[in-house]
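To keep things clear, I will list the structure first and then write my remarks on it.
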Amino acid sequence: MLAQTTFNKSQSIALPLPGGNAPYNIASGLINNDAFPDIVISTTIGNTVYWLENDGTGHFTLQTTPIGILNNAGGVAIADLNNDGYNDVVSTSSADGKLVWFANDGLGNFGAEQIISSTINGPGQVYVRTIDNDTTPDVAVAAYNGNEVIWFANNGSGTFGPKNIIDNTIPNPGAFAMKDIDFDGDIDSVIANAVGFGTPNDCRIEVFYNDGDGNFTADTNIVSLNTKDYIFSVMAEDVDNDSSLDILVTDLTGNASWFKRTQIAPGTATYTETVISTSIANPACLDLRDLDNDNLRDFVLTSATSGSGNDIVWFKSDGVGGFGPEQVIDATQSQAYTITFADFENDGDLDMSTIAYNDDRVNMFENETIVLSVSDVELSNLTVFPNPSEDILHFKGLSEAVHISIIDNLGKIVKTQTIQLQESLDISDLEQGMYLLKINDSDIRLKFIKR
C-alpha cells in the first residue's frame, strides 16, 4: 500500500558566478558511464552550459568545467547524435544565433562545440527527435525573432543538413512540442507563441502534421486563437486516457489548461479547453507525470514569479481528465522556470529537479512515496534473456511478483509493469537502443538491448 506522496528538498546547489548566473533550462539523462541520470543546465546571463553528476542516491555534484560557453545559452537537450553509444548535449546561443552540439566521450568530458546552424534568429527551445523517414536523431528549434520553427536532418554521425521549416506563419514562437499527435508513426509538432504581455492578438496554438518525410501541414482547425497572452510551455499528452493526445499549455499571465483533442478526419481535429485552477500567479513549466505510482499521470506546474508564493504544485489525476485539489511541493524558490523528472535516488519513484532563475540555484526534490521492500538477496541472481531481444524478455531467478520500470538512456521511465512468476515482458513497443530494467523496490538494475 502506498503512503501519501510528499516531496523533500534534498539539495540546493548554488551555481558559481558569473557563469551560473540566471539558469534557465534543465534536462536529465545519462552523461557518464554509470546507470544514474545526471542533469544538464543552461544559464542565460552566465552564458554557460553545465552538468551535475548523480552519485546514485540523488546527491549531485556540479562539474565546474563547463560543457560549453554560449552567449545567452538557452535550450538544452540530451541525446546520442553521433551514434557512438554516449549521450551528447545540444544547446542554443540566442544572442549569437547558434544551434550547436557537444560530443561526449562517455565519461562526461565534452569536445568543442559543433555548429548545426549559426544563422538562426533568436533560437530557444530545442528537441531531438527522428523527424524524417530514417532512424537518425534530428534536431528541431524555435526561432523566436525569426518567426519560425525549423529542423535539421542528421546523417547519423552528427553532421547536419540545411534548415527545414515546420512553420513560419506564427509570430514569435517560443513554446513547442514534438510528438506523434495523430498516431501515424511520425513526429508531429504543436507550436505556441508569446507575442507580449497584455497583447493577446495573434496569440495562438496550432498543430502541424508530419507527412513522414519531414514536411508539415497545419491542422484545419487552430487549437486556440487570441485567448492567451503569453504562452510559456506546451505539451501533447493523453490527459484523459482515451488513446488520443491532448494539448496542455501554460499562460504566463495567469492560467494553465488542457485542450481535449478529438480527431474527426486526417488533418482535422476539434479542441475543447479545460482550465486548471491554481494558486500560481505566473505559471511557467508544466508536465504530466505519475508522481504517486498509481499508473495515472498527474499534472505538475512551476512558477515564474520572482517573489513569495508557491513555486511547484501538483494535481492528482483521476485517470479520465479530472484532477484533485492543488498540492504544494515547494514555496522556497524564485522563478522556478523549468523542471525535469527522473528516479534520481534509485528507489522506484519519480524525483524532480528545478532551476531557480532568480536564485542562481539548482534544486533537488526527493519523492517520499513509500513502497514495500523486496530483499535484494532474493533477487541477486535475477537475469533477463534473450539479451539483446526484439520483442520479449524472459526472467530467470524470480521468487515472487515484482514491479519493474524500464528506463531509457535519458533516464526517462518509458514502461512500468508488475511481473508475475513465469511471466515475460513484451518490449516490442520500445524503440531500438539500450535500456535499464529496474526492480522498483530494490537496488537491482539490469541492462538490456532492444533490437
Side-chain angles (χ1 to χ4, degrees), residues 1-13 26-40 51-61 78 287-298 300 312 314 316-317 327-330 339-354 362-384 395 397-419 425 434-448:
M1 188 75 178
L2 298 180
Q4 181 177 357
T5 299
T6 58
F7 290 85
N8 171 55
K9 184 196 273 189
S10 57
Q11 201 176 2
S12 184
I13 300 174
I26 187 169
S28 56
L30 303 178
I31 296 297
N32 57 349
N33 190 26
D34 60 22
F36 312 123
D38 308 299
I39 286 174
V40 173
W51 76 281
L52 294 84
E53 182 181 9
N54 182 4
D55 68 359
T57 68
H59 184 273
F60 288 82
T61 302
I78 302 171
D287 216 319
L288 207 64
R289 299 283 179 154
D290 181 9
L291 297 186
D292 53 0
N293 282 0
D294 65 353
N295 292 317
L296 301 175
R297 293 188 297 168
D298 311 301
V300 187
I312 314 174
W314 73 287
K316 181 176 174 58
S317 172
Q327 302 182 55
V328 178
I329 293 174
D330 181 64
I339 191 168
T340 189
F341 298 85
D343 183 7
F344 293 126
E345 296 180 292
N346 188 29
D347 63 353
D349 50 36
L350 275 183
D351 310 299
M352 65 183 72
S353 179
T354 64
V362 181
N363 296 306
M364 317 298 171
F365 296 88
E366 60 180 4
N367 188 336
E368 296 183 326
T369 297
I370 298 173
V371 296
L372 301 176
S373 64
V374 173
S375 170
D376 283 0
V377 175
E378 296 177 13
L379 298 171
S380 59
N381 294 319
L382 179 65
T383 59
V384 293
F395 294 80
L398 277 184
S399 59
E400 60 181 282
V402 292
H403 189 64
I404 60 98
S405 294
I406 302 297
I407 303 168
D408 68 12
N409 67 353
L410 296 182
K412 179 182 177 182
I413 297 176
V414 296
K415 192 181 188 75
T416 61
Q417 186 172 323
T418 299
I419 302 297
L425 176 66
M434 180 174 289
Y435 294 86
L436 293 174
L437 185 150
K438 183 181 185 306
I439 309 300
N440 282 359
D441 41 8
S442 81
D443 291 330
I444 302 298
R445 289 188 178 211
L446 303 172
K447 289 185 178 180
F448 71 91

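Hydrogens, waters and symmetry mates play no part in the numbers below; they use all other heavy atoms, side chains included. Treat the numbers as computed from the prediction; the structure is a model and nothing was measured.
For the pair Ile312/Phe7, no side-chain contact is recorded, criterion being any heavy-atom separation below 4.5 Å from C-beta on. Under the 4.5 Å side-chain criterion, counting only non-hydrogen atoms from C-beta, Leu398 is in contact with Leu382. In this structure the side chain of Ile13 reaches within 4.5 angstrom of the side chain of Phe60, judged on heavy atoms. Under the 4.5 Å side-chain criterion, counting only non-hydrogen atoms from C-beta, Thr5 is in contact with Asn367. Taking 4.5 Å as the limit, some side-chain heavy atom of Ile26 sits within range of a side-chain heavy atom of Ile39. In this structure the side chain of Asp347 never reaches within 4.5 angstrom of the side chain of Glu366, judged on heavy atoms. Using a 4.5 Å heavy-atom threshold, the side chains of Arg297 and Ser317 count as separate. Counting heavy atoms from C-beta outward, Ile404 and Leu425 have side chains that approach closer than 4.5 Å.
Although no hydrogens or angles enter the test, the distance criterion places no donor-acceptor pair under 3.5 Å between the side chain of Asn32 and the main chain of Glu53. Distance alone, capped at 3.5 Å, places no donor-acceptor pair between the Thr418 side chain and the Val402 backbone. Asp38 contributes a side-chain N or O that, together with a main-chain N or O of Asn54, makes up a donor-acceptor pair within less than 3.5 Å.
Atoms CD1 and NE2, from Ile419 and His403 in turn, are 9.5 Å apart once rounded to the nearest 0.5 Å. Rounded to the nearest 0.5 angstrom, Lys415 NZ and Leu437 CG are separated by 11.0 Å. The CD1 atom of Ile413 sits 10.0 Å away from atom CD1 of Ile406, with the distance rounded to the nearest 0.5 Å. Interatomic distance, CZ of Phe365 versus OG of Ser353, reported as 8.0 Å (0.5 Å rounding). Rounded to the nearest 0.5 angstrom, Asp349 CG and Arg289 CZ are separated by 13.5 Å. The CG atom of Asp292 sits 10.5 Å away from the CG atom of Leu350 when rounded to the nearest 0.5 Å.
When all heavy atoms are compared, the tightest approach of Lys447 to Leu436 is CG-CD2, 3.3 Å. In terms of heavy-atom proximity, Ser12 sits nearest to Asn363 at OG-OD1, 2.6 Å. Residues Ser28 and Phe341 approach most closely at OG-O, 3.5 Å, considering heavy atoms. Taking each heavy atom of Ile78 and Val40 in turn, the nearest pair found is CD1-CG2, 3.8 Å. Residue Asp343 comes nearest to Gly348 through the heavy atom pair OD2-N, 2.9 Å, listed as atom of the first residue, atom of the second, then distance.
In this structure, Asp298 has no side chain to side chain donor-acceptor pair (under 3.5 Å) partners at least two apart in sequence or on a different chain. By the side chain to side chain contact (heavy atoms under 4.5 Å, CB included) test, Asp408 pairs with Leu410, Lys412, Val414, Tyr435, sequence neighbours left out. Taking the side chain to side chain donor-acceptor pair (under 3.5 Å) definition, one finds that Ser405 meets it with Asn440, sequence neighbours left out.
For Thr6 and Glu368, the side-chain atoms include at least one donor-acceptor pair closer than 3.5 Å.
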